[in-house]
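FYI, side chains are in, hydrogens and waters are out, and symmetry mates aren't considered; it's all heavy atoms of this structure. Convention: sequence-line order gives letters A, B, ...; per-chain numbering from 1.
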Amino acid sequence: MDIAKRYDPAGSREKWYDFWQDNNLFHADESNDKPAYSIVIPPPNVTGKLHIGHALNNTLQDILCRWKRMEGEEVLWMPGTDHAGIATQNVVEKQLAQEGLTRHDLGRDKMLERIWTWKKEYGDAIIHQLKYLGSSCDWDRTRFTLDEGLSHAVREVFVRLYEDGSLYRGNYLVNWCPRCHTTLSDDEVEYTDSNGSFYYIKYPFADGSGDMTIATTRPETMLGDTAVAVHPEDERYQHLVGKEILLPLMNRKIPIIADSYVDPEFGVGALKITPAHDINDFEVGKRHNLEQINIFNEDATINGNGGVYEGMERYQARKKIVADLKEQGLLIKVEDHQNRIGGCYRCNTNVEPYLSLQWFIKMKPLMEEPIKAVRDGRVKFIPKQWENTYFSWVENVRDWPVSRQIWWGHRIPVWYCDDCGEMTVPREDPDCCAHCQSKNIRQDEDVLDTWFSSALWPFSTMGWPDKTKELAKFYPTTTLVTGHDIIYFWVARMIMMGLYIMDEVPFSDVYITALVRDAQGRKMSKSLGNAINPIDVIDKYGCDSVRFTLAIMAAQGRSINLDEERIEGYRNFTNKIWNATRLILASIEEGEVLSGEAPQDKLEWADRWILSRLQHAIDAVRKGMEEYKFNDASEALYHFVWHEYCDWYLELIKPRLYGDDLEARLVVKKVAFQVLECALRMLHPFIPFITEELWQILKTLGIPHEDAISIMKTSYPKSDQSAIDDALEADVEKFQKFIYVIRNIRGELNIAPGLETKVEFKISDSADEEFLKRYYPLIATLCKINQDLSASADLEPNPASSVGMVDGCELRVLWPAEVEEKEIQRLQKQVEQLNKVIMGREKKLSNKNYVDRAPEKVVQIERDKCQSEMQECERLKKQLEILAK
RNA sequence: GGGCGAGUAGCUCAGUUUGGUUAGAGCGCCUGCCUUACAAGCAGGAUGUCGCUGGUUCGACUCCAGUCUUGCCCACCA
């Protein structure tokens, strides 16, 4: 039987993904009795296509899901996408800008239509990409955060929060672009260093008893000052606290307050407080119940609160105010000052902190339970260190402003009555005010923060608020796989909402993935041009290779610096698996079937050895999986398949595989396939496509002893401890040592690989004799040496040979002519090296402290080694002496 | 400024929790092989004062302190 010389990843990917879907293998059944395992996907933003970080994240989720399915659990992997409010609206606005339009030109409805079009395109692209990656999501359940069902959940949660007093409306400073007339999120503000000035201004006391100096970079905001603040422990100012200032230009009385926010070291240690126009002042103002006086219009001109400066542009006003202060003798000095100014990422206009009415969630009470949940282990972070990040936020949580001044999102379900001024917060859209029945009501213009709906994701996707079977079966979910950058935004808030709404944590394990960077450790970005597009590398190397690379590099607590060469290396691994299969397949006769296990009594030592090693591999892989150490699990698989199965086992069986003994051939084929099939099942969660492809071929030969339509429906291997043979493994290790030693000597001597050489053994005990009797034939084959064993207890010294030692057994490779010179040099080098090692050991052993205090076992091992090394060294020296003559 | 990581072979990284063989892998490099599974391969080889300094210890890549370099997160200074 023959298959293609090379594996075709693209064809295989399409074929088997369709096969899995057609057979409904990703579907989670909410009504069976199997134990449940569930993961909700971190819904990708519909802003654009997936990057390599998504590939990592979803590969790991898929590994977990496929593994758990094979473990016999009922697995739900809930897929979906996130509307990503501000981000998505922005990309569409950028698109509009290229057509010379703004969202206001389109109006709310047309704009939303336009964003939906975008969503359709990118949402579909994302799903396509996830499938390209092999993700085994339950696609029938795909959700979107603006779906009807999810919107229903959002509405219900909002109303509940409102009803129990967790929601309130209050003033808040937002980043405002006076040119775009829009709010900006924090990450849409770009800070640049700028050369400004630092103004020292005299503020007179209201009682006429003198004045004090304050310093500011924004003198124009003094129009909105409502206090002057000093540090409570600042001795220079303590006596002034409680006094009043007569605010210059405005002639308004404002208090002098004490607040530890003030840094006594900076400036003059006293500052003006403008709660409506500075975020820190805003906080201070809240603490001291200060009035918030907004002095700007939406275009950053001075409004009616600015007295005579009304109508002036903000920087014009600054000039005028400074001039007026100077004229009144209140300006002490102006210093150059470097500071950072926030600009709008679109138009670079300086952003203005702007006071506006926003909805907030009171977080402190809601966060009490989430803190406990992580403390007592109901939610575990993996790696654990991320719990610090979580705690640092939840323990200092501030109220959550949830309104956003954009259009794309869940509209805030609050209606204001123009007649009685009351609010209506209903579960169904109202047609009149709940308080006065007036029809004169308006819905809040704002939408909710994207993270509001994301916070509900684990249960909203399962049909809440209805009591669905999905919720009963799959909530709480098991594992969340996400990045550390959204522990605050998302993870903490999901835990909060899960406990608040469902009374149960939304997941028990939070696996925090590494960040994927480029080979030099730089962030991947479009502008740097170092971004690796998952689709590109999948097309180039195959999906399995990309997945395996990501898994094997996913060491906990580190970022992944991804080098394309690594992917290539693991592509070679998939090819290796392919060819290992080809080797055995080549020995299959037309129509031959291999059903049934190989009879135990017909197994040779090599068979029992690989079966023993297989059990260790299974244990190691399982351990890695259970501890979320994907790198350990994949490393164990890589090593077992390549360096034990292919490098040793397949080489060991070749004589039998190609031999004339038909029964032996059948036995060895069965064992070889049995081990391969087991490895394929272990590998399947990591590299699903090639394993399915090969497994299906094996199936036609009757190799899998389970009746399944897909490798997905087989069971994940469990180790059989009774198949472990430690004594045999030790023997084989010794066997391998003989081969390494002989090959090494051959290599050093530069003996052509095809040239057969003679090797003699000096046996010191009967155990070695037995050993060689048993293992020599294969040693001879694998080393290209004489098949007739030449071994005896007393071997005449033969200086024209290279001597090797394996566990006290001496062997010599006879030199072909003309290698003496080279060999003498090598021996000398060896003696040198050996001497170094021996000296180190002797030093250690002559240390009384070491001998007395180190465990006896450790010391004994050391002594034995020293002993045999000294013998070896003596022998080499002797040989060199003889050769010298 | 606060917090959390990282520094091990030419490159990218394991290992360090629990101190004890001559510190490993992939890629790259050197030598020899197209040996009929695989040249995307096989066999062999070279390469490390484990960032630096000090401490604890019989013994430190591993534990402790300090230090340098570097990455990320948060707060950003009137």
Heavy atoms under 4.0 Å, any strand shown: does [X] hit a base, just sugar-phosphate, or nothing?
X        : result
A/His643 : sugar-phosphate
A/Lys848 : nothing
A/Asn744 : sugar-phosphate
A/Asp647 : sugar-phosphate
A/Tyr638 : sugar-phosphate
A/Asn280 : sugar-phosphate
A/Arg218 : nothing
A/His639 : nothing

Closest to the [X] side chain, choosing from [options]:
X        : options                : result
A/Thr216 : B/rC38, B/rC76, B/rA78 : B/rA78
A/Asp263 : B/rC42, B/rC77, B/rU12 : B/rC77
A/Tyr488 : B/rC74, B/rA37, B/rG45 : B/rC74
A/Lys654 : B/rA37, B/rA40, B/rA78 : B/rA37
A/Phe198 : B/rA43, B/rG26, B/rA78 : B/rA78
A/Tyr850 : B/rG20, B/rA78, B/rG45 : B/rG20
A/Tyr261 : B/rU12, B/rA37, B/rA78 : B/rA78
A/Thr217 : B/rC72, B/rA78, B/rU12 : B/rA78
A/Ala854 : B/rC38, B/rG20, B/rA43 : B/rG20
A/Arg743 : B/rG45, B/rA40, B/rA43 : B/rA43

Rounding to an integer number of angstrom, what distance separates [N] and [M] when you compare their [atom1] atoms?
N      : M      : atom1 : answer
B/rC74 : B/rC30 : P     : 46 Å
B/rG32 : B/rG71 : P     : 43 Å
B/rC42 : B/rG48 : C1'   : 27 Å
B/rG51 : B/rA46 : C1'   : 25 Å
B/rU21 : B/rU67 : C1'   : 33 Å
B/rU47 : B/rG1  : C1'   : 43 Å
B/rC11 : B/rC73 : P     : 26 Å
B/rG5  : B/rG10 : P     : 28 Å

Provide, to the nearest angstrom, the distance between the [atom1] atom belonging to [X] and the [atom2] atom belonging to [N].
X        : N      : atom1 : atom2 : answer
A/Asn572 : B/rG28 : CG    : P     : 9 Å
A/Glu651 : B/rG41 : CD    : C1'   : 11 Å
A/Trp386 : B/rC73 : CH2   : C1'   : 8 Å
A/Glu635 : B/rA25 : CD    : P     : 10 Å
A/Asp8   : B/rA40 : CG    : P     : 17 Å
A/Glu220 : B/rA78 : CD    : C1'   : 13 Å
A/Glu283 : B/rC77 : CD    : P     : 14 Å
A/Arg582 : B/rG41 : CZ    : P     : 14 Å

Neighbour count >12 (heavy atoms, 6.0 Å) for atom CG, A/Asp336: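 12 or below, so no.
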
Greater than 12 external heavy atoms within 6.0 Å of A/Met363's CE: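 Buried by this count: over 12 neighbours within 6.0 Å.
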
In the structure shown, which nucleotide is the Watson-Crick or G-U wobble counterpart of [N], with both distances under 3.5 Å?
N      : result
B/rA9  : none
B/rC4  : B/rG71
B/rU21 : none
B/rU49 : none

Exam field: side chain A/Trp451 to backbone A/Tyr488, donor-acceptor pair closer than 3.5 Å: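 Checked: no pair found.
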
Check: A/Ile690 main-chain N/O paired with A/Asp544 side-chain donor or acceptor under 3.5 Å: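 At least one qualifying donor-acceptor pair exists.
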
Along RNA chain B (nearest heavy atom to each residue), the more 5'-positioned of A/Arg571 and A/Leu583: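 In this pair, the answer is A/Leu583.
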
Residue mapping more 5' on RNA chain B - nearest nucleotide basis, A/Tyr658 or A/Trp642: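 Mapping each residue to its closest nucleotide by heavy atoms, the 5'-most match is A/Tyr658.
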
A/Thr221-A/Lys272 side chain donor-acceptor pair, cut-off 3.5 Å: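 A/Lys272 and A/Thr221 do have a side-chain donor-acceptor pair below 3.5 Å.
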
N/O (side chain, A/Lys576) to phosphate O (OP1/OP2, B/rC42) under 4.0 Å: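 Yes, because at least one side-chain N or O of A/Lys576 sits under 4.0 Å from OP1 or OP2 of B/rC42.
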
Short side-chain N/O contact from A/Arg746 to OP1 or OP2 of B/rG44, under 4.0 Å: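 It does not, given that no N or O in the side chain of A/Arg746 lies less than 4.0 Å from OP1 or OP2 of B/rG44.
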
salt_bridge(A/Asp259, A/Arg287) N-O dist < 4.0 Å: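 A/Arg287 and A/Asp259: salt-bridged.
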
Salt-bridge criterion met for A/Arg566 and A/Glu568 (N-O under 4.0 Å):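 The answer is no: the pair does not qualify as a salt bridge.
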
CA sep, side-chain torsions, deciding dist, call: A/Phe630, A/Tyr628, side-chain contact (heavy atoms from CB on, under 4.5 Å): CA-CA 6 Å; A/Phe630 300 98; A/Tyr628 294 98; 4.1 Å; yes

Over-ring placement of A/Arg493 relative to A/Trp400, 6.0 Å and 45° cut-offs: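 Checked: cation-pi criterion met.
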
